[in-house]
Amino acid sequence: MHKYRTHNCSELRLSHKSTTVKLSGWVHRVRDHGNLLFIDLRDHYGITQCVIEKANKNFKILEKIKPDSVISITGKVLKRTPETINKDLLTGEIEVEFKELEILSEAQELPMPVFGEQDYPEDIRLKYRFLDLRRQTMHENIILRSKVISFIRKKMNELGFNEFQTPILTASSPEGARDFLVPSRLNPGKFYALPQAPQQFKQMIMVAGFDKYFQIAPCFRDEDGRADRSPGEHYQLDMEMSFVEKEDIFSVTEPLFYELFSKFGGEKKVSDYPFKKISFNDSMLQYGTDKPDLRNPLKISDVTDIFNSVEIKLNIFKKQINKGAIVRAIPAPNTIKKPRSFYDSLNEWAKTEGANGLAYLSIIKTKDKLTGSGPIAKYFSDNGINIITKICNLKDGDAVFFSCEKKQIAEKISGLARQKIAKDLDLIQENQFQFCWIIDYPLYQFNEEEKKIDFSHNPFSMPKVSYEEFDKTDPLKILAEQYDLVCNGIELSSGAIRNHLPKMFYKVFSKVGYLKKDVDKKFGGMIKALSYGAPPHGGMAPGIDRIVMLLANVENIREITLFPLNQNAQDLLMNAPSKATDQQLKELNIKIVKKNKN
RNA sequence: GGGGGUGUAGCUCAGUUGGUUAGAGCGAUCGCCUGUCACGCGAUAGGUCGAGGGUUCGAGUCCCUUCACUCCCGCCA
């Protein structure tokens, strides 16, 4: 007989009746009846009920055993009587009668019980992560993550992608997030950076002629955490292809995502491919964000012109419009029976989000005619009501909210309001995964604070204008061959057709103030690589963590990460970060400067 | 860097306008119990009310400072 087990804890069935088996696992739960006790034995696979009577020599030991001690039992498989069958267990038709017992590892009293699905404070869960991970939900989430990754790997291999590793110790990159730095012992005073993404490496892999690359790549960014964003590290399905246009990337990844989400997304319906494509500008107008949640049926409209016309005499808005504000309208269908407080609280909410507020108008049908009602209705002409109704696609009993702000704020508020209204009115189709591509991103944006032009997204993207046209075009009007994949309001991926032409590379960077020598200094490797015959190429990098979060239906990234850092980027189990010894610092030529308080 | 929330027994939480010795459930320990599967019943132990300071005759409760965790803004090409 095997030293530890003949079967796992989810394996035994009626067919094993009367056989002698050996099981090993954790003491999940003990039910002590005095002269008879039941022990639920748990392992990765499941639970098997074991039973022991007082006559057995091990009874006294098991009576005192601490939960989550690891034991091994040898015993006989018994058929349960009909009334004692447990339908919730795969092994519920049998139980194992104790013969021999071996205690493999005793547990102390647990700081947090494994049994049950109670909520515990995060710091305790992280400090005792190995216990937290024993719990069913966490265990399942982590297994889901593992399955998702192996599914992706298998698919990518089938599609002809080659999996490569790229360096972890690399060079700091000038654009983007804050780098993690690693001091170099052999090069005193110099530092490596951990890669924020293998962006330049994957492009060089294309230059090297490998045609299709992917990697489940760790990415390191020293930025503050959020619920859906781990401080420190996260993983991306990093991929790149040669001789492609963006449609080629789409047609490779769409079936992948469709299958992935169909397979692991439970009952939820996945949007058919090809996925909807929405231009950045349309998305900002209709959804108020570049990551729209398409499960939400509401669409925003621009109504600046009509508010500026004779049809509406609302002077506060007109004044704002003259100062450069715009008006966006967010419909709220079927709200005629809502109390006044519904409208007022939305107005109050908008103010807490930094807006002036939200005006509203209700539409009522009286005598075959649509009329407006509500505080600002009196400013609308009949024709004004008709136009608004048409633009916003309103019907009898609907309301519409108006945000009059500078463009940036109006977009933001209307987007948030669209989502809030849909949530309040229960309009979000929860049982779906709605994918879309956001395309035609502007290459640059104007940085208001520094009063200069910045990259809006990825500086390595190919502009959608030719080299010859580049200087003749308003830089803020130049679009990039860039695309984001969005699902249910979450940005899963950025991607782009890359800029593979050195002269275009210099040109693109010149608009944000980089001289040729700056580019040579900071992207020397890249420029060099593009100078000896580079294939046109492009790719993307979907975030693994966010994919798994969507599939596991959790709001927090730590629910699907084995050993996450807390919000202060600390590992409470391993005690990282920690102080370095003087010896270590000396070898690295590093001196710690104490910060002066005040 | 900024804003919000939380902090009371090992865990989850209650604790009234400031007023007697701070409570419950789970867990732990001990005892009883042969068919449970969140087993049941009884008893016992367990608290610097996050920390420090202040107001008050009196503070878990009010004020100030501070710490921890968390959520959000900034940041995340």
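A quick note: this is a predicted structure, and the numbers were derived from the prediction, not measured. Computed from heavy atoms alone, side chains included, the values below leave out hydrogens, waters and symmetry copies. Per chain, numbering begins at 1; letters A, B, ... match sequence-line order.
With rounding to whole Å, A/L36 atom CG is found 15 Å from B/G40 atom P. Between the CG atom of A/N556 and the C1' atom of B/C69 there is a distance of 13 Å, given to the nearest Å. Protein atom CZ of A/R221 is 17 Å distant from nucleotide atom P of B/G74, rounded to whole Å. To the nearest angstrom, C1' of B/C75 lies 14 Å from CG of A/D179. The CG-P distance, from A/N86 to B/C37, rounds to 9 Å in whole Å. Atoms NE2 (A/H28) and P (B/C37) sit 14 Å apart, rounded to a whole Å. Spacing between atom CD1 of A/I65 and atom P of B/A28 amounts to 13 Å, rounded to whole angstrom units. Note: CD1 (A/I557) to C1' (B/U70) measures 16 Å, nearest angstrom.
Side-chain contact between A/R328 and A/I413: absent, with no pair of heavy atoms (C-beta onward) separated by less than 4.5 Å.
For B/G2 and B/U12, the P atoms lie 29 Å apart once the distance is rounded to whole Å. With both ends at atom P, the span from B/A59 to B/G19 equals 11 Å, rounded to whole Å. To the nearest whole angstrom, the two C1' atoms, one in B/U20 and one in B/U34, are 48 Å apart. Of the C1' atoms belonging to B/A24 and B/U8, the separation is 13 Å, rounded to the nearest Å. When the P atom is compared between B/C57 and B/U16, the two are found 22 Å apart, to the nearest whole Å. Between B/U48 and B/C11, the distance separating the two P atoms is 11 Å to the nearest Å. Across B/C73 and B/G15, the matching C1' atoms stand 35 Å from one another, rounded to whole Å. Between the C1' atoms of B/G40 and B/C26, the separation comes to 15 Å (whole Å).
At the heavy-atom level, A/D88 lies nowhere under 4.0 Å from the strands shown. A/N458 comes within 4.0 angstrom of sugar-phosphate atoms only, judged by non-hydrogen atoms across all strands, and of no base. Using a 4.0 Å heavy-atom criterion, one finds that A/Q199 contacts the bases of the nucleic acid, with or without backbone contacts as well. Across all strands shown, A/Q482 has no heavy atoms under 4.0 Å from either base or sugar-phosphate atoms. If you check every strand for non-hydrogen atoms under 4.0 Å, A/K54 touches nothing. Looking at heavy-atom distances under 4.0 Å, A/R125 makes no contact with the nucleic acid at all.
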Name the pairs: protein N/O against N/O of nucleotides 5-15 of chain B, kept only if under 3.5 Å.
| unit_1 | atom_1 | unit_2 | atom_2 | d |
| --- | --- | --- | --- | --- |
| B/G10 | O2' | A/P111 | O | 3.3 |
| B/U12 | OP1 | A/P121 | N | 3.4 |
| B/U12 | O4' | A/Q118 | NE2 | 2.7 |

Interface polar pairs with nucleotides 43-49 of chain B, N/O, under 3.5 angstrom:
none

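Residues from residues 42-53 of chain A placing a heavy atom under 4.0 Å of any atom in RNA chain B, listed by number, are A/Q49, A/E53. Residues from residues 504-519 of chain A with heavy atoms under 4.0 angstrom of RNA chain B: there are none.
The only option from A/V77, A/V96, A/T74 that meets the side-chain contact (heavy atoms from CB on, under 4.5 Å) definition with A/T20 turns out to be A/T74.
The side-chain hydrogen bond (donor to acceptor under 3.5 Å, both in side chains) search around A/Q408 returns none, not counting sequence neighbours.
The aromatic rings of A/F280 and A/Y441 lie tilted to each other, with the angle between the two planes from 30° to 60°.
Using a 4.0 Å cut-off between charged nitrogen and carboxylate oxygen, A/R229 and A/D545 do not count as a salt-bridge pair. The existence of a salt bridge linking A/K452 and A/D454 is confirmed by a sub-4.0 Å separation between a basic side-chain nitrogen and an acidic carboxylate oxygen. Checked for salt-bridge contact, A/R145 and A/E559 miss the test: no charged N lies under 4.0 Å from a carboxylate O. Residues A/D484 and A/K291 are not paired through a salt bridge, judged by the lack of any N-O separation under 4.0 Å between the basic side chain and the carboxylate. A salt bridge links A/D424 with A/K420: the closest approach of a Lys/Arg side-chain nitrogen to an acidic carboxylate oxygen falls below 4.0 angstrom. Using a 4.0 Å cut-off between charged nitrogen and carboxylate oxygen, A/E100 and A/K57 count as a salt-bridge pair.
The two atoms that bring A/Y483 and A/G538 nearest to each other are OH-C, 4.4 Å, heavy atoms only.
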**Prompt:** Tell me, what's RNA chain B's dot-bracket, Watson-Crick or G-U with both distances under 3.5 Å, | for other-strand, [ ] crossing?
**Reply:** (((((((..((((.....[...)))).(((((.......))))).....(((((..]....))))))))))))....
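Judged by atom type and distance alone, A/D32 reaches the base of B/C33 through a side-chain donor-acceptor pair under 3.5 Å. Between the side chain of A/R229 and the base of B/C76 there is at least one donor-acceptor pair of N/O atoms closer than 3.5 Å.
Between A/K66 and the phosphate of B/G27, there is no side-chain N or O to OP1/OP2 separation shorter than 4.0 Å.
Taking the six-membered ring for Trp and the full ring otherwise, the centers of A/Y128 and A/Y120 sit at least 6.0 Å from each other. Aromatic rings of A/F523 and A/F460 (six-membered ring for Trp) have centroids within the 6.0 Å cut-off, being under it.
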